[in-house]
2 protein chains.
Amino acid sequence: MVNKIKDTTTEEKILEAARKVFIERGLDGARMQEIADKAGINKALLHYYFRSKDKLFEVIFKETAGNLFPKFEMILNSDKPLFDKIDEIVSNYIDLIIKNPYLPLFVLSEMNKSRNLQLANFFEMQRNKFVEKFVQNIEKEIKKGVIKKISPAHLIINIFSLCAFPFIAKPVIGILLEIDDLQFKYMMEQRKKIVTDFIIASIKK
Amino acid sequence: MVNKIKDTTTEEKILEAARKVFIERGLDGARMQEIADKAGINKALLHYYFRSKDKLFEVIFKETAGNLFPKFEMILNSDKPLFDKIDEIVSNYIDLIIKNPYLPLFVLSEMNKSRNLQLANFFEMQRNKFVEKFVQNIEKEIKKGVIKKISPAHLIINIFSLCAFPFIAKPVIGILLEIDDLQFKYMMEQRKKIVTDFIIASIKK
DNA sequence: AATTTTGTTAACCAATTGGTTAAATTAAAT
DNA sequence: ATTTAATTTAACCAATTGGTTAACAAAATT
């Protein structure tokens, strides 16, 4: 399997189908036959290419979880004011989730259920990627007196809470606010500005 | 089965065990044999008392989802200033989730997966219970000029986002911030004040 | 005390599930 | 053209799963 150049059509078909089924149903709810049906292939091929359900799931999980941490470093490394950075992070993140609405719930749900250390290790590897930089950015602005004193950790949690939770709570929000999918999406677009303003209004000195 | 007064020990054992297993593993991941083992009973009794896995799940789901909407009406009906009400709601809600840490993820995860209209109807029934009153409270304060103009719907979403999301994201937060369970819990206790202050700072005129 | 009703058990069941296997087919290498 | 390797298929497998059944035990009723 080393450096093997091959026609990956079947493999790609499987990955595409698996992505859909796993994200929608989770590991426990997904069925190999359903993935095979969606990929238009014989179920035995799932095992030929990926050996087991768990391994196939792991590939999909790592791929999608990786997307949960887009390249914020460039934003955080720039010389722009922190408020602009927050604006960019919030907008990019909400846009990312609008494009992949089930992403947060899928990743967090499986993380809560998983006893698989592989998945946890995967997140550990992301740890220094942006949390430190974000913390540094925030601490710098506190020291400069631009923003109020607030725990960077809590602020970061707040930012991601405000961006991601509404998508997770979508069915409940839809019912409670009596809005349909289109209205929900419109609302999420609005949140790019509303969340940014909310955060900045809160921390501005 | 009408007005039947009976020894409910076995039924209660089942409910207690089912609560634990369903909340931890969800509907798809839960196994009837595991519930029976945890309840210390024979698996056939699950069907004797609750007829099917789905029906047992529904009982547990409605019970726990009901808890997701505690009696906020009393808080919202009082004459206290809105900021105090927000403080109370945030504190009560975070306390509620601290006591039932898996509650938000369980309910929202199953709501996202469920095609069962019973569950959706259940939430519809909760709709007018507190959303309207919350909206009225917010609109009143906007009109009085106490808080900035903000969409009540978005503000309500923000409040619940800030309260609930960290618990859903716990495994990821733990890894990224390198904190253990005790530290996480301490952090969540802190959030009662931090979230309230964050919100009030954001909307105060 | 006898009968009926309710609760419990162990064994069993059909269907489903993730996975395996051997043969057939296709593709690549010689 | 032949051989080897890779891919695909259909059938099959063992284990698991939610659920059923009949027998037995306990409780309630007559």
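Every chain is numbered from 1, with letters handed out A, B, ... down the list of sequences.
The number of heavy-atom neighbours closer than 6.0 Å to NZ of A:Lys20, taken from other residues, nucleotides and ligands shown, is 12 or below.
Taking the charged nitrogens against the carboxylate oxygens, B:Lys80 and B:Glu88 do have a contact shorter than 4.0 Å, which makes a salt bridge.
Residue order along DNA chain C, read from the 5' end via each residue's closest nucleotide, puts B:Ile41 first among A:Ser52 and B:Ile41.
Between B:Met32 atom CE and C:dC13 atom P the separation is 20 Å, expressed in whole Å. Summarising the geometry, the separation between CG on A:Leu45 and P on D:dA10 is reported as 10 Å, rounded to the nearest angstrom.
Considering only side-chain atoms of B:Lys53, the nucleotide from C:dT8, D:dG18, C:dT9 that sits closest is D:dG18. Of the candidate nucleotides C:dT8, D:dT8, C:dG18, C:dG18 has the atom lying nearest to any side-chain atom of A:His47. The nucleotide whose nearest atom lies closest to any side-chain atom of B:Arg31 is, among D:dT17, C:dG19, C:dT8, D:dT17.
For the pair A:Thr64/A:Asn100, no side-chain contact is recorded, criterion being any heavy-atom separation below 4.5 Å from C-beta on.
In this structure, B:Ala36 reaches neither bases nor backbone, as no heavy-atom distance under 4.0 Å exists between it and the strands shown.
Applying the 4.0 Å criterion to OP1 and OP2 of C:dG19, one finds that A:Tyr48 has every side-chain N and O outside that range. One finds a side-chain N or O of B:Thr10 lying less than 4.0 angstrom from the OP1 or OP2 phosphate oxygen of C:dT8. Note on A:Arg51: every side-chain N or O is 4.0 Å or more away from OP1 and OP2 of C:dG19. Residue B:Asn42 has no polar side-chain atom (N or O) positioned under 4.0 Å from OP1 or OP2 of C:dT8.
In the interface, the side chain of B:Lys43 is paired with the base of D:dG19 through a donor and an acceptor atom under 3.5 Å apart.
Taking the centre of each ring, A:Phe160 and A:Tyr93 come in below the 6.0 Å mark.
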